[in-house]
Amino acid sequence: MKALVLAGGAGSRLRPITHTSAKQLVPVANKPVLFYGLEAIRDAGIREVGIVVGDTEAEIRGAVGDGSALGLDVTYLRQDAPRGLAHAVLIAREYLGGDDFVMYLGDNFIVGGIDGLVDRFRADRPQAQIMLTHVSDPRAFGVAELDGAGRVVALEEKPEFPKSDLALVGVYLFSAAVHDAVAELKPSARGELEITDAIQWLIDHGHRVESTVITGYWKDTGNVTDMLEVNRLVLEGVEPHVEGEVDEASELIGRVVVEAGARVAGSRVVGPVIVGAGSVVRDSYVGPFTSIDRDCAVLDSEIEYSIVLRGASIDGVGRIECSLIGREAEVTPAPRVPKAHRLVLGDHSKVQISK
């Protein structure tokens with residue numbers, strides 16, 4: 001079995017972060033989201049991985065390389081533009097050959113991995129196997145309709161009037177039969193080749209499509225709120241360890257990780273928290289569910305439930321929470337006089353200012 005990992009797309013919901021960074025490489029607990037999926041694929045016993053890339057190809061290649069560091073053999077497959085999930089299967093046809101494969105959306109996060117899903121597929125041998133989960137607003141997802149026996153009978157992409165609340169999770173398993181389906185597809189009203197249409201084609205042509213309704217945790221990390229929630233979940237599982245420097249004037253409470261080369265001075269850190277290598281926390285408070293990446297500075301400030309990306313600095317500000325702070329960003333106090341906010345904001349930025 002091979003894997004096809006989708007790591008293209010513009011990441012418009014995470015702008016302005018994704019103007020300069022691939023959305024799949026935004027870190028959760030100081031590790032790119034993409035890596036959690038690649039590790040899940042490896043842990044399921046799959047070694048050959050094709051990564052579909054777009055405009056951020058150079059950055060994805062720089063982070064993943066040939067995959068050997070993750071125990072994988074990676075091949076890169078260029079997609080000229082985001083033309084739908086089924087289009088990714090189409091351009092990967094030669095790479096996939098006649099092999100079964102798992103398709104994994106690179107910005108999705110699933111707790112517990114995919115071992116059980118892969119084992120079931122290998123044992124039952126359907127032509128396709130999908131994962132479903134109950135969602136509050138299925139209009140934003142591909143939606144499955146099941147019959148009384150729990151079999152998939154119909155799928156629809158982002159329907160205006162959903163027939164169920166069962167959304168497709170971003171992991172699919174296919175036999176080579178899916179290539180026949182993809183070859184017959186026409187672009188949808190969105191101008192894309194929809195994977196839901198390919199699965200529907202399999203159903204309509206008598207192929208067996210199985211589904212699993214998952215009760216565990218799944219997130220599409222496409223926006224800041226979901227990124228922070230996944231960061232919280234991952235940090236819940238960290239084990240405390242201190243390899244960096246912590247002075248006697250500091251207090252570490254709970255599950256706190258201070259990586260080698262990091263320094264904590266005169267500060268209170270309440271876990272779960274990760275302070276990345278080379279970062280400095282001085283005269284500050286760092287609250288629960290905060291990830292501070294490499295080479296950052298948090299000085300005379302308070303921060304909680306946030307993600308701070310590599311090289312950012314926060315100096316002399318009051319309290320920050322529920323925030324995603326980009327690479328090399330600088331957060332400083334505004335001048336006292338005149339009493340005004342001074343902002344330099346990129347396209348699609350979002351700012352909330354307390355009165």
Side-chain angles (χ1 to χ4, degrees), residues 1-9 21-54 56-79 88-89 91-92 94-123 129 131 169-176 212 214 216-221 230-231 233-239 241 243 257 259-260 274 276-277 291 293-294 310:
M1 180 177 284
K2 292 177 180 173
L4 186 65
V5 176
L6 276 59
S21 176
K23 64 177 179 176
Q24 299 85 4
L25 296 182
V26 177
V28 168
N30 289 6
K31 182 165 66 176
V33 170
L34 176 63
F35 281 36
Y36 290 96
L38 293 174
E39 290 170 354
I41 288 166
R42 175 200 64 203
D43 293 344
I46 300 169
R47 293 293 179 266
E48 294 182 76
V49 178
I51 301 183
V52 177
V53 292
T56 58
E57 177 180 359
E59 192 175 4
I60 299 291
R61 280 182 179 268
V64 179
D66 64 2
S68 58
L70 294 166
L72 300 171
D73 179 9
V74 169
T75 299
Y76 293 93
L77 306 166
R78 178 76 185 198
Q79 188 178 33
V89 176
I91 66 169
E94 182 177 349
Y95 170 76
L96 294 168
D99 294 325
D100 296 339
F101 66 98
V102 55
M103 185 167 75
Y104 199 115
L105 306 192
D107 59 353
N108 276 223
F109 184 90
I110 299 172
V111 170
I114 59 171
D115 306 37
L117 186 71
V118 171
D119 289 344
R120 178 180 168 185
F121 181 83
R122 285 170 166 158
Q129 188 166 313
M131 295 177 71
V169 174
V171 179
Y172 312 77
L173 289 102
F174 294 110
S175 73
T212 300
I214 63 171
Y217 189 89
W218 163 76
K219 278 288 184 183
D220 168 2
T221 60
V230 171
N231 189 63
L233 184 77
V234 176
L235 287 178
E236 286 278 19
V238 302
E239 294 295 330
H241 68 271
E243 297 179 3
V257 175
E259 296 182 348
I274 293 180
S291 296
D293 209 343
R294 302 173 60 90
R310 188 181 69 245

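Just so you know, these numbers come straight off a predicted model, no measurement behind them. One is the number of the first residue; the rest follow in order along the sequence.
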Inset, instruction - Go through the steps to decide whether Y76 and I60 satisfy the test side chain to side chain contact (heavy atoms under 4.5 Å, CB included), and finish with yes or no. - result: CA-CA 9 Å; Y76 293 93; I60 299 291; 4.0 Å; yes
Inset, instruction - Using the side-chain contact (heavy atoms from CB on, under 4.5 Å) rule, pick out the option among V33, V28, V26 that qualifies with N231. - result: V28
Inset, instruction - Kindly check if the number of other-residue, nucleotide or ligand heavy atoms within 6.0 Å of CZ (R310) is above 12? - result: no
Inset, instruction - Please report the shortest heavy-atom distance between E239 and V257, naming the atom on each side. - result: O-CG2, 3.5 Å
Inset, instruction - Rounded to the nearest 0.5 Å, what's the gap from OH on Y172 to CG on L6? Could you check? - result: 9.5 Å
Inset, instruction - Identify the heavy atoms of V169 and N108 that sit nearest to each other, and give their distance. - result: C-OD1, 4.4 Å
Legend entry - L77/L4 under side chain to side chain contact (heavy atoms under 4.5 Å, CB included): CA gap, chis, key distance, verdict: CA-CA 9 Å; L77 306 166; L4 186 65; 3.8 Å; yes
Legend entry - Distance, nearest 0.5 Å, that separates CG of D115 from CD1 of I41: 11.5 Å
Legend entry - Min side-chain heavy-atom separation F109-L233 under 4.5 Å: yes
Legend entry - Nearest heavy atoms of A7 and T56, plus distance in Å: O-OG1, 4.0 Å
Inset, instruction - Quick one: closest heavy-atom pair of A29 and V234, and the distance? - result: CB-CG1, 3.5 Å
Inset, instruction - Name the orientation class of the two ring planes belonging to F174 and F101 (parallel below 30°, tilted from 30 to 60°, perpendicular beyond 60°). - result: tilted
Legend entry - Any donor-acceptor N/O pair, R42 side chain to L70 backbone, under 3.5 Å: yes
Legend entry - Nearest-0.5 Å distance that lies between atom CG in L173 and atom OG1 in T212: 9.0 Å
Inset, instruction - Indicate the atoms forming the closest heavy-atom contact of F121 with Q129, along with that distance. - result: CA-OE1, 3.4 Å
Inset, instruction - Verify, without hydrogens or angle tests, whether Y95 (side chain) and V49 (backbone) share a donor-acceptor contact under 3.5 angstrom. - result: yes
Legend entry - Shortest non-hydrogen contact between A277 and A260, atoms and distance: CB-O, 3.1 Å
Inset, instruction - To the nearest 0.5 angstrom, please state how far the CG atom of N30 sits from the CZ atom of F35. - result: 13.0 Å
Inset, instruction - Would you give the length of the straight line joining atom CD1 of I51 to atom CD of Q24, rounded to the nearest 0.5 angstrom? - result: 9.5 Å
Inset, instruction - May I ask you to test the V5-V74 pair for a side-chain heavy-atom distance under 4.5 Å? - result: no
Inset, instruction - First locate atom CD of E59, then atom CG of L25, and finally report the distance between them rounded to the nearest 0.5 Å. - result: 5.0 Å
Legend entry - Short side-chain to backbone donor-acceptor contact, R78 and G54, under 3.5 Å: yes
Legend entry - M1/V118 under side chain to side chain contact (heavy atoms under 4.5 Å, CB included): CA gap, chis, key distance, verdict: CA-CA 9 Å; M1 180 177 284; V118 171; 4.0 Å; yes
Inset, instruction - Step through the shown structure and confirm whether more than 12 heavy atoms of other residues, nucleotides or ligands are within 6.0 Å of CZ on R294. - result: no
